[in-house]
Every structure is written in C-alpha cells, then in structure tokens.
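In what follows, a single structure is set out as structure tokens and then discussed.
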Amino acid sequence: MRETKRTGLYPGTFDPITLGHIDIIQRAAKVVDRLVIGVAKNAGKGPLFDTKARVKMVVQEVETLKRKGIKNIEVMPFENLLMYFAKEIGASVIVRGLRAASDFEYEIQMAAMNYRMNPKIETIFLTATEGTQFVSSRFVKEIARLGGNVKPFVSVRIASDLAKRLKDKDGRRKVNPEVRD
C-alpha cells in the first residue's frame with residue numbers, strides 16, 4: 001500500500017515575515033510531509049510590501065531553513081479563498097499560529113467556517129513559543145516606521161528590507177501610523 005503524503009498550508013500576509021512566523025514554519029514542517037507557505041495578496045490589509053516582494057522575502061527566509069536541513073517547504077502566492085487554494089494544492093491541514101488568548105476567538109471562528117466549507121481539511125493550531133508571543137508584523141512595521149530597532153523580531157535581511165522600504169526620496173523615514181496590518 002502506498003503511503004499518502006500530508007500537505008499542510010500555512011497562510012498569511014507575511015508583511016513582513018517575522019521570527020514568530022519562522023518559528024511556526026519550522027515546527028509545522030515537522031508535522032507534515034510538505035508545507036506550503038501561502039502568501040496572501042490581501043490588498044484589503046494595505047500591506048507595506050506588494051505580493052511579489054513578500055513572496056521574495058519569505059522565499060529568502062525559507063532558503064535559510066533549507067540550508068539548516070528543513071527541505072519540505074514551498075512558498076506560493078494566492079489571492080482566492082483560502083479553502084479553494086488549500087484544495088488546489090492538495091492540503092489536508094491548515095496551520096495557524098496562536099500568540100495569545102485574544103487570537104483564539106478569531107482563529108476558532110475561522111477554523112469552524114473553513115471546516116463547514118471543506119470538512120476534509122483540518123485546522124491545527126501551534127502556539128507561539130516563549131519570546132515570540134508578542135511579535136506581530138503590525139508591531140514590527142510600527143517600530144520600524146518610528147525608527148526603532150526591529151532586529152529582535154525579524155531577521156537581519158528583513159530588517160534591511162524594512163529600512164529600505166520606509167526611506168523616502170530624501171532619505172528620511174516615512175511615518176504613517178494609520179497603515180495597519
């Protein structure tokens with residue numbers, strides 16, 4: 001009998017990808033045979049980086065993991081309904097990260113809706129590890145916009161990408177606290 005490979009999907013905007021995301025990716029890669037990182041277009045969230053740039057950042061971070069021996073990860077953009085994308089790639093599991101109790105209510109509602117749309121696809125939750133419970137892309141962008149040090153929350157490469165993205169033509173940082181993710 002042929003063994004079925006389990007494909008997991010870890011969806012998100014990843015604007016930008018944080019060390020919290022990387023932690024969930026590393027741990028999810030242990031649970032499934034193939035992990036697809038789905039980078040959502042999600043223009044409604046007003047991302048700082050366009051989809052192409054976010055995919056590139058995630059691919060670069062995944063390449064670092066591959067050099068460490070984690071080789072079952074792929075990165076793909078998507079812009080349709082999550083459950084359609086999951087079915088399209090053959091996912092049987094949606095992976096979601098939980099930082100705090102406040103995430104749980106929203107995530108459990110989303111998991112229930114997704115289950116109603118396709119009961120063949122399960123949602124699993126991985127809790128944030130100590131030190132990443134408070135890290136969010138929104139906070140990272142806010143710190144970067146205001147000139148703070150984001151290196152405790154993102155890789156050096158992502159910190160550099162953020163700094164470049166936030167510089168305007170005069171070399172000053174743009175400050176726009178109304179933009180949220």
message: Measuring only between side-chain heavy atoms, which start at C-beta, is V62 closer than 4.5 Å to E74?
response: no

- prompt: Tell me, do Q26 and L65 make a side-chain contact under 4.5 Å, heavy atoms counted?
  reply: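 Of all side-chain heavy-atom pairs linking L65 with Q26, at least one is under 4.5 Å.
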
message: Between F14 and I37, does the side-chain contact (heavy atoms from CB on, under 4.5 Å) criterion hold? Intermediate values first, please.
response: CA-CA 10 Å; F14 304 105; I37 311 303; 3.6 Å; yes

Short question: side chain of [X], backbone of [Y] - any donor-acceptor pair under 3.5 Å?
X: R96; Y: L126; value: no
X: T132; Y: V135; value: no
X: K66; Y: I73; value: yes
X: S137; Y: P16; value: yes
X: K41; Y: P77; value: no
X: R34; Y: A29; value: no
X: E107; Y: E105; value: no
X: R138; Y: D15; value: no
X: R6; Y: S92; value: no
X: N118; Y: M83; value: no

What are the two closest heavy atoms between [X] and [Y], and how far apart are they?
X: I17; Y: I25; value: CD1-CD1, 4.0 Å
X: I121; Y: A86; value: CD1-CB, 3.7 Å
X: A159; Y: V150; value: CB-CG2, 3.8 Å
X: V39; Y: T13; value: CG1-O, 3.9 Å
X: F49; Y: R54; value: O-NE, 2.9 Å

- prompt: Between F153 and F134, how do the two ring planes meet: parallel, tilted or perpendicular, split at 30° and 60°?
  reply: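 Aromatic pair F153/F134 classed perpendicular.
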
message: As a quick check of understanding, evaluate side-chain hydrogen bond (donor to acceptor under 3.5 Å, both in side chains) for T64 and R67, giving each step before the final call.
response: CA-CA 5 Å; T64 300; R67 286 192 296 276; 3.3 Å; yes

- prompt: Going by an N to O cut-off under 4.0 Å, is there a salt bridge joining R27 and D23?
  reply: yes

- prompt: From M117 CE over to N114 CG, what is the distance, rounded to the nearest 0.5 angstrom?
  reply: 4.5 Å

